[in-house]
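This report refers to the structure that appears directly beneath it.
Counting begins at 1 with the first residue of the sequence. Because the structure is predicted, anything quoted here is derived from the model rather than measured. The basis for the numbers below is simple: all heavy atoms, side chains too, and nothing from hydrogens, waters or symmetry mates.
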Amino acid sequence: MHRWRTLDGRPPRVIAHRGASGYLPEHTLPGYALAAQQGADVLEPDLLPSRDGVLYARHDYGLARSTDVATRPAFASRAREVDGARDWWITDFDAAELDTLRAMQPFAQRDHAHDGRHALPRFAAVLDLAARVGAEQGQVLPVYPELKHPQRCRARGLDPVALLAAELLPRGLAGSQAPVWLQCFDHDVLREARERLGNPCYALVEALPAQPDARDARLRELATWARGIAPDKRLLWDGRGRDSGLVDAAHAAGLEVHAWTFRDDLGYAPFADVRAELRAAFALGVDALFCDFPATAVAERAAFARR
(Lines give C-alpha, C1' and ligand atoms only; values in the text may rest on other atoms or scores of the structure.)
Protein backbone atom coordinates (compact mmCIF):
# COMPACT_ATOMS: atom_id res chain seq x y z
CA MET A 1 0.00 0.00 0.00
CA HIS A 2 1.25 3.46 -0.92
CA ARG A 3 2.41 5.60 2.01
CA TRP A 4 1.09 9.11 1.52
CA ARG A 5 2.88 12.09 3.05
CA THR A 6 -0.36 13.82 3.99
CA LEU A 7 -0.91 14.94 7.56
CA ASP A 8 -3.16 11.98 8.37
CA GLY A 9 -1.49 9.49 6.02
CA ARG A 10 -4.62 9.16 3.90
CA PRO A 11 -4.83 9.83 0.16
CA PRO A 12 -5.15 13.53 -0.70
CA ARG A 13 -8.71 14.66 -1.30
CA VAL A 14 -9.85 16.00 -4.66
CA ILE A 15 -11.95 19.14 -4.21
CA ALA A 16 -14.33 19.91 -7.07
CA HIS A 17 -13.53 23.60 -7.55
CA ARG A 18 -16.85 25.31 -8.33
CA GLY A 19 -18.09 21.86 -9.30
CA ALA A 20 -16.71 20.11 -12.36
CA SER A 21 -16.12 23.58 -13.72
CA GLY A 22 -13.74 22.48 -16.45
CA TYR A 23 -16.55 20.58 -18.15
CA LEU A 24 -19.72 22.54 -17.30
CA PRO A 25 -20.36 26.16 -16.33
CA GLU A 26 -19.13 26.82 -12.82
CA HIS A 27 -21.48 26.58 -9.85
CA THR A 28 -24.36 24.58 -11.29
CA LEU A 29 -26.10 21.56 -9.78
CA PRO A 30 -25.26 19.38 -12.81
CA GLY A 31 -21.64 20.47 -12.43
CA TYR A 32 -21.54 19.40 -8.79
CA ALA A 33 -23.28 16.12 -9.61
CA LEU A 34 -20.78 15.43 -12.41
CA ALA A 35 -17.89 16.11 -10.04
CA ALA A 36 -19.22 13.55 -7.57
CA GLN A 37 -19.71 11.07 -10.38
CA GLN A 38 -16.09 11.59 -11.44
CA GLY A 39 -14.90 10.72 -7.94
CA ALA A 40 -14.40 14.11 -6.32
CA ASP A 41 -14.26 13.87 -2.54
CA VAL A 42 -15.49 17.38 -1.73
CA LEU A 43 -17.79 19.92 -3.43
CA GLU A 44 -16.69 23.56 -3.34
CA PRO A 45 -19.22 26.38 -3.77
CA ASP A 46 -18.42 30.06 -3.40
CA LEU A 47 -21.16 31.95 -1.56
CA LEU A 48 -22.70 35.36 -2.14
CA PRO A 49 -26.08 36.68 -1.01
CA SER A 50 -29.02 38.07 -2.92
CA ARG A 51 -30.45 41.44 -1.95
CA ASP A 52 -33.01 39.68 0.23
CA GLY A 53 -30.45 37.53 2.04
CA VAL A 54 -30.45 34.19 0.21
CA LEU A 55 -27.03 32.59 -0.27
CA TYR A 56 -26.16 31.53 -3.82
CA ALA A 57 -23.29 29.49 -5.20
CA ARG A 58 -21.52 32.22 -7.12
CA HIS A 59 -17.89 33.30 -7.40
CA ASP A 60 -18.12 36.85 -8.73
CA TYR A 61 -19.81 39.80 -7.08
CA GLY A 62 -20.71 40.81 -10.62
CA LEU A 63 -23.00 38.59 -12.67
CA ALA A 64 -21.81 39.47 -16.18
CA ARG A 65 -18.93 37.01 -16.34
CA SER A 66 -20.78 33.80 -15.56
CA THR A 67 -24.50 34.39 -16.19
CA ASP A 68 -26.76 35.53 -19.03
CA VAL A 69 -27.86 38.69 -17.20
CA ALA A 70 -26.60 40.91 -20.05
CA THR A 71 -29.19 39.35 -22.38
CA ARG A 72 -32.13 40.18 -20.08
CA PRO A 73 -33.82 43.47 -21.09
CA ALA A 74 -35.71 43.57 -17.80
CA PHE A 75 -32.43 44.01 -15.92
CA ALA A 76 -30.68 46.41 -18.28
CA SER A 77 -31.34 49.40 -16.03
CA ARG A 78 -29.45 47.78 -13.15
CA ALA A 79 -26.16 47.66 -15.02
CA ARG A 80 -23.27 49.44 -13.33
CA GLU A 81 -20.13 50.81 -14.92
CA VAL A 82 -17.20 48.85 -13.49
CA ASP A 83 -13.69 49.48 -14.83
CA GLY A 84 -15.08 50.62 -18.14
CA ALA A 85 -17.40 47.66 -18.56
CA ARG A 86 -21.03 46.96 -17.69
CA ASP A 87 -21.73 44.58 -14.84
CA TRP A 88 -24.59 43.66 -12.55
CA TRP A 89 -24.06 43.20 -8.81
CA ILE A 90 -25.60 40.14 -7.23
CA THR A 91 -26.73 42.17 -4.21
CA ASP A 92 -28.93 44.30 -6.51
CA PHE A 93 -31.14 41.27 -7.20
CA ASP A 94 -33.74 39.45 -5.13
CA ALA A 95 -33.59 35.66 -5.00
CA ALA A 96 -36.64 35.28 -7.23
CA GLU A 97 -34.87 37.32 -9.90
CA LEU A 98 -31.60 35.39 -9.60
CA ASP A 99 -33.58 32.18 -10.03
CA THR A 100 -34.49 33.29 -13.56
CA LEU A 101 -30.87 33.67 -14.68
CA ARG A 102 -28.82 30.92 -16.29
CA ALA A 103 -25.14 30.06 -15.97
CA MET A 104 -22.55 30.68 -18.69
CA GLN A 105 -19.08 29.21 -19.13
CA PRO A 106 -16.71 32.08 -18.25
CA PHE A 107 -13.57 30.57 -19.82
CA ALA A 108 -13.36 31.14 -23.58
CA GLN A 109 -11.37 27.98 -24.26
CA ARG A 110 -13.87 25.65 -22.56
CA ASP A 111 -17.01 23.97 -23.87
CA HIS A 112 -19.91 26.40 -24.24
CA ALA A 113 -22.54 23.82 -25.20
CA HIS A 114 -24.24 24.20 -21.81
CA ASP A 115 -24.40 27.98 -21.78
CA GLY A 116 -27.83 29.21 -20.75
CA ARG A 117 -29.10 25.78 -19.71
CA HIS A 118 -28.59 25.62 -15.93
CA ALA A 119 -29.94 27.74 -13.09
CA LEU A 120 -27.86 29.48 -10.44
CA PRO A 121 -28.17 27.21 -7.40
CA ARG A 122 -29.01 28.40 -3.95
CA PHE A 123 -26.64 27.15 -1.26
CA ALA A 124 -29.49 25.13 0.23
CA ALA A 125 -29.80 23.21 -3.04
CA VAL A 126 -26.06 22.41 -3.02
CA LEU A 127 -26.36 21.05 0.53
CA ASP A 128 -29.35 18.95 -0.52
CA LEU A 129 -27.50 17.57 -3.54
CA ALA A 130 -24.43 16.66 -1.47
CA ALA A 131 -26.57 14.83 1.06
CA ARG A 132 -28.48 12.96 -1.62
CA VAL A 133 -25.47 11.99 -3.73
CA GLY A 134 -23.47 11.05 -0.65
CA ALA A 135 -26.27 8.74 0.48
CA GLU A 136 -26.43 7.17 -2.97
CA GLN A 137 -22.67 6.57 -2.89
CA GLY A 138 -22.73 5.32 0.68
CA GLN A 139 -20.39 8.00 1.96
CA VAL A 140 -20.28 11.52 3.33
CA LEU A 141 -19.71 14.14 0.64
CA PRO A 142 -18.44 17.29 2.36
CA VAL A 143 -19.32 20.75 1.12
CA TYR A 144 -16.58 23.38 1.36
CA PRO A 145 -18.04 26.89 0.93
CA GLU A 146 -15.97 30.02 0.55
CA LEU A 147 -17.42 33.24 1.92
CA LYS A 148 -16.78 35.77 -0.85
CA HIS A 149 -16.44 39.54 -0.35
CA PRO A 150 -17.74 39.46 3.23
CA GLN A 151 -16.99 43.10 4.06
CA ARG A 152 -18.52 44.32 0.82
CA CYS A 153 -21.66 42.36 1.63
CA ARG A 154 -21.76 43.73 5.17
CA ALA A 155 -21.51 47.26 3.82
CA ARG A 156 -24.81 46.54 2.07
CA GLY A 157 -26.42 45.19 5.23
CA LEU A 158 -25.88 41.50 4.42
CA ASP A 159 -23.90 39.51 7.00
CA PRO A 160 -22.56 36.31 5.40
CA VAL A 161 -21.79 34.67 8.74
CA ALA A 162 -25.34 35.17 9.96
CA LEU A 163 -26.74 33.94 6.64
CA LEU A 164 -24.48 30.90 6.77
CA ALA A 165 -25.60 30.14 10.31
CA ALA A 166 -29.23 30.37 9.21
CA GLU A 167 -28.57 27.64 6.63
CA LEU A 168 -26.41 25.31 8.69
CA LEU A 169 -27.88 25.38 12.19
CA PRO A 170 -31.40 24.14 11.31
CA ARG A 171 -29.87 21.29 9.30
CA GLY A 172 -27.56 20.17 12.12
CA LEU A 173 -24.55 21.03 9.97
CA ALA A 174 -22.66 23.09 12.54
CA GLY A 175 -19.80 21.84 14.69
CA SER A 176 -16.34 20.36 14.37
CA GLN A 177 -17.61 17.06 12.96
CA ALA A 178 -20.00 18.56 10.42
CA PRO A 179 -19.33 17.76 6.75
CA VAL A 180 -19.26 21.47 5.94
CA TRP A 181 -15.82 23.08 5.94
CA LEU A 182 -15.41 26.84 5.77
CA GLN A 183 -12.88 28.99 3.93
CA CYS A 184 -12.29 32.69 3.44
CA PHE A 185 -9.48 35.11 2.62
CA ASP A 186 -10.72 37.40 5.38
CA HIS A 187 -9.38 35.56 8.41
CA ASP A 188 -11.24 37.75 10.90
CA VAL A 189 -14.53 36.75 9.30
CA LEU A 190 -13.45 33.12 9.14
CA ARG A 191 -12.57 33.10 12.83
CA GLU A 192 -15.93 34.68 13.58
CA ALA A 193 -17.65 31.89 11.67
CA ARG A 194 -15.64 29.29 13.56
CA GLU A 195 -16.52 30.83 16.92
CA ARG A 196 -20.19 30.97 16.02
CA LEU A 197 -20.56 27.60 14.30
CA GLY A 198 -17.53 25.48 15.22
CA ASN A 199 -17.06 24.06 11.72
CA PRO A 200 -13.58 23.17 10.43
CA CYS A 201 -11.94 26.26 8.96
CA TYR A 202 -9.22 26.64 6.34
CA ALA A 203 -7.46 29.96 5.94
CA LEU A 204 -7.08 30.96 2.32
CA VAL A 205 -3.68 32.52 1.69
CA GLU A 206 -2.15 34.15 -1.38
CA ALA A 207 1.14 35.02 0.32
CA LEU A 208 3.19 34.13 3.38
CA PRO A 209 6.40 35.62 4.81
CA ALA A 210 9.37 34.67 2.65
CA GLN A 211 11.70 34.19 5.62
CA PRO A 212 11.21 30.64 7.00
CA ASP A 213 11.15 31.64 10.67
CA ALA A 214 8.52 34.32 10.05
CA ARG A 215 6.51 31.96 7.86
CA ASP A 216 6.58 29.22 10.46
CA ALA A 217 5.52 31.64 13.19
CA ARG A 218 2.57 32.65 11.03
CA LEU A 219 1.64 29.01 10.53
CA ARG A 220 1.75 28.36 14.27
CA GLU A 221 -0.57 31.31 14.86
CA LEU A 222 -3.03 30.00 12.28
CA ALA A 223 -2.89 26.56 13.89
CA THR A 224 -4.37 28.01 17.10
CA TRP A 225 -7.77 28.25 15.40
CA ALA A 226 -7.70 26.82 11.85
CA ARG A 227 -7.62 23.18 10.83
CA GLY A 228 -5.53 24.02 7.81
CA ILE A 229 -4.43 26.49 5.20
CA ALA A 230 -5.55 26.78 1.61
CA PRO A 231 -2.60 28.37 -0.22
CA ASP A 232 -2.10 29.40 -3.79
CA LYS A 233 -0.29 26.40 -5.26
CA ARG A 234 2.57 28.65 -6.34
CA LEU A 235 3.57 28.85 -2.68
CA LEU A 236 4.35 25.10 -2.73
CA TRP A 237 7.45 25.47 -4.89
CA ASP A 238 9.77 28.02 -6.40
CA GLY A 239 9.72 29.16 -10.02
CA ARG A 240 11.57 26.02 -11.08
CA GLY A 241 9.20 23.62 -9.35
CA ARG A 242 11.40 22.94 -6.32
CA ASP A 243 9.86 22.33 -2.90
CA SER A 244 9.46 25.55 -0.90
CA GLY A 245 9.14 23.64 2.37
CA LEU A 246 5.65 24.99 3.02
CA VAL A 247 3.87 21.63 3.24
CA ASP A 248 6.36 20.19 5.73
CA ALA A 249 6.24 23.39 7.80
CA ALA A 250 2.44 23.42 7.84
CA HIS A 251 2.31 19.75 8.82
CA ALA A 252 4.81 20.42 11.60
CA ALA A 253 2.37 23.03 12.93
CA GLY A 254 -0.49 20.52 12.70
CA LEU A 255 -2.12 22.16 9.69
CA GLU A 256 -3.53 20.49 6.61
CA VAL A 257 -2.63 22.01 3.24
CA HIS A 258 -5.35 22.43 0.58
CA ALA A 259 -3.77 23.94 -2.53
CA TRP A 260 -5.50 25.81 -5.36
CA THR A 261 -6.18 25.68 -8.30
CA PHE A 262 -5.23 22.78 -10.59
CA ARG A 263 -6.53 23.10 -14.15
CA ASP A 264 -5.98 20.90 -17.18
CA ASP A 265 -6.04 23.81 -19.60
CA LEU A 266 -3.95 26.57 -18.02
CA GLY A 267 -1.66 27.66 -15.23
CA TYR A 268 0.57 24.62 -14.63
CA ALA A 269 3.98 26.19 -15.36
CA PRO A 270 6.79 25.44 -14.61
CA PHE A 271 5.55 21.87 -15.08
CA ALA A 272 5.06 20.31 -18.50
CA ASP A 273 1.36 19.68 -17.94
CA VAL A 274 -1.20 19.41 -15.19
CA ARG A 275 -0.45 15.72 -14.60
CA ALA A 276 3.16 16.50 -13.79
CA GLU A 277 1.97 19.33 -11.54
CA LEU A 278 -0.44 17.01 -9.72
CA ARG A 279 2.30 14.43 -9.21
CA ALA A 280 4.57 17.10 -7.75
CA ALA A 281 1.83 18.13 -5.29
CA PHE A 282 1.17 14.52 -4.28
CA ALA A 283 4.89 14.01 -3.69
CA LEU A 284 4.98 17.00 -1.33
CA GLY A 285 2.18 15.55 0.78
CA VAL A 286 -0.54 18.09 -0.04
CA ASP A 287 -3.70 17.05 1.81
CA ALA A 288 -6.25 18.28 -0.73
CA LEU A 289 -6.30 19.92 -4.14
CA PHE A 290 -8.83 22.29 -5.66
CA CYS A 291 -9.41 21.02 -9.21
CA ASP A 292 -11.51 22.26 -12.14
CA PHE A 293 -11.23 18.84 -13.84
CA PRO A 294 -11.82 16.33 -11.01
CA ALA A 295 -11.57 13.28 -13.26
CA THR A 296 -7.96 14.10 -14.15
CA ALA A 297 -6.91 14.49 -10.51
CA VAL A 298 -8.73 11.31 -9.44
CA ALA A 299 -7.04 9.30 -12.21
CA GLU A 300 -3.61 10.77 -11.47
CA ARG A 301 -4.01 10.07 -7.75
CA ALA A 302 -4.80 6.43 -8.50
CA ALA A 303 -1.78 6.17 -10.79
CA PHE A 304 0.46 7.82 -8.18
CA ALA A 305 -0.68 5.32 -5.55
CA ARG A 306 0.41 2.43 -7.79
CA ARG A 307 3.96 3.74 -8.07
Between Trp181 and Glu44, is the side chain to side chain contact (heavy atoms under 4.5 Å, CB included) condition met? List the steps.
CA-CA 9 Å; Trp181 312 339; Glu44 193 257 0; over 6 Å; no

Let me confirm one number: the OG-CG distance from Ser50 to Asp92, rounded to the nearest 0.5 Å.
11.0 Å

Within the 4.5 Å heavy-atom criterion, are Leu173 and Glu167 side-chain neighbours or not?
no

With a 4.0 Å cut-off, would you call Asp87 and Arg78 a salt bridge?
no

Sub-3.5 Å donor-acceptor pair from the side chain of Arg227 to the main-chain atoms of Ser176, do we have one?
yes

I want to check something: taking the side chain as every heavy atom from C-beta on, are Pro25 and His114 in contact at a cut-off of under 4.5 Å?
yes

Tell me whether the centres of the aromatic rings in Trp4 and His2 are closer together than 6.0 Å.
yes

Test salt bridge (charged side-chain N to carboxylate O under 4.0 Å, His left out) on Asp68 and Arg102; report intermediate values, then the result.
CA-CA 6 Å; Asp68 63 354; Arg102 293 297 177 264; over 6 Å; no

N/O donor-acceptor pair under 3.5 Å between Arg72 side chain and Thr100 backbone:
yes

State, to 0.1 Å, how close Asp41 and Val14 come at their nearest heavy-atom pair, and which atoms those are.
OD2-N, 2.7 Å

Flag side-chain contact, heavy atom, 4.5 Å: Glu146 against Leu204:
yes

For the residue pair Arg156 and Thr91, confirm or rule out a side-chain donor-acceptor distance under 3.5 Å.
yes

Parallel, tilted or perpendicular for Phe93 and Phe75, by the 30°/60° rule?
perpendicular

Go through the steps for Tyr61 and Trp88 under the test ring-ring contact (aromatic ring centres under 6.0 Å, His included), then give the verdict.
CA-CA 8 Å; Tyr61 197 84; Trp88 289 256; over 10 Å; no

Given salt bridge (charged side-chain N to carboxylate O under 4.0 Å, His left out), test Asp238 with Arg240 step by step and report yes or no.
CA-CA 5 Å; Asp238 64 16; Arg240 299 175 63 181; over 6 Å; no

Of the non-hydrogen atoms in Gly134 and Leu141, which two are nearest, and what is the gap between them?
CA-CB, 4.2 Å

Should Pro179 and Val140 count as side-chain neighbours, where that means a heavy-atom distance under 4.5 Å?
yes

Compare all side-chain heavy atoms of Pro45 with those of Phe123 and state whether any distance is below 4.5 angstrom.
yes

Are the side chains of Arg65 and Pro106 in touch, meaning some heavy atoms are under 4.5 Å apart?
yes

In this structure, would Ile90 and Leu47 fall into the same cluster of hydrophobic residues linked by side-chain contacts under 4.5 Å?
no

For Phe293, give me all partners under ring-ring contact (aromatic ring centres under 6.0 Å, His included), at least two apart in sequence or on another chain.
Tyr23

Run Trp225 and Glu195 through side chain to side chain contact (heavy atoms under 4.5 Å, CB included) and show every step you take.
CA-CA 9 Å; Trp225 61 271; Glu195 290 165 4; over 6 Å; no

Look at Glu136 together with Arg132 and state whether they make a salt bridge at an N to O cut-off of under 4.0 Å.
yes

Taking the side chain as everything from C-beta on, heavy atoms only, tell me whether Glu256 gets closer than 4.5 Å to Arg13.
yes

Distance alone, cut at 3.5 Å: any donor-acceptor contact between the side chains of His27 and Tyr32?
yes

Work out which heavy atom in Ala174 is nearest to a heavy atom in Leu169; give both atom names and the distance.
CB-CD2, 3.6 Å

Centroid-centroid distance, Phe262 to Tyr268, less than 6.0 Å:
no

Please determine if Arg215 and Glu221 form a salt bridge, counting it only when a charged side-chain N lies under 4.0 Å from a carboxylate O.
no

Verify the cluster assignment for Leu208 and Val257: are they in a single hydrophobic cluster under the rule of side-chain heavy atoms below 4.5 Å apart?
yes

Leu63 side chain near Trp89 side chain, heavy-atom distance below 4.5 Å
no

Cation-pi check, Arg301 to Phe282: give yes when NZ or CZ is under 6.0 Å from the six-membered ring centre and within 45° of the ring axis, no otherwise.
no

Quick check: is Val205 connected to Tyr202 through a chain of hydrophobic side chains (ILVMFWY, heavy atoms under 4.5 Å apart)?
no

What do the steps show when you test Arg263 against Val274 for side chain to side chain contact (heavy atoms under 4.5 Å, CB included), and what is the final call?
CA-CA 7 Å; Arg263 297 180 165 112; Val274 72; 5.8 Å; no

Looking only at the side chains, is there a donor atom on one of Asp248 and His251 sitting less than 3.5 Å from an acceptor on the other?
no

Indicate if Val286 and Trp237 have the same hydrophobic cluster label, given that clusters are the connected sets of ILVMFWY residues with side-chain heavy-atom separations under 4.5 angstrom.
yes

How about Thr296 and Asp264: does a side-chain donor come under 3.5 Å of a side-chain acceptor?
yes

Could you walk me through whether Arg171 and Asp128 pass the salt bridge (charged side-chain N to carboxylate O under 4.0 Å, His left out) check?
CA-CA 10 Å; Arg171 295 169 177 264; Asp128 289 343; 2.7 Å; yes

With distance as the sole test, does Asp46 use its side chain to make a donor-acceptor pair with the main-chain N or O of Ala57 at under 3.5 Å?
no

Minimum heavy-atom separation for Leu255 and Ile229, please, with both atom names.
CD1-CG2, 4.1 Å

Which residue is it: His59, Arg110, Gln105, Met104? I am looking for the one with a side-chain contact (heavy atoms from CB on, under 4.5 Å) to Glu26.
His59

Electrostatic pair Arg18:Asp292 at N-O distance under 4.0 angstrom:
no

Between the side chain of Asp94 and the main-chain N/O of Glu97, is any donor-acceptor distance below 3.5 Å?
no

On a heavy-atom basis, which atom in Leu7 and which in Gly254 lie closest, and how many Å separate them?
CD2-O, 3.7 Å

Side chain to side chain contact (heavy atoms under 4.5 Å, CB included) evaluation trace for Tyr144 with Leu43
CA-CA 6 Å; Tyr144 194 179; Leu43 303 182; over 6 Å; no

Single-linkage hydrophobic cluster, 4.5 Å side-chain cutoff, Val180 and Val54 together
no

Considering all heavy atoms of both residues, which atom of Ala178 and which atom of Asn199 are nearest to each other, and what is their separation?
CB-ND2, 3.6 Å

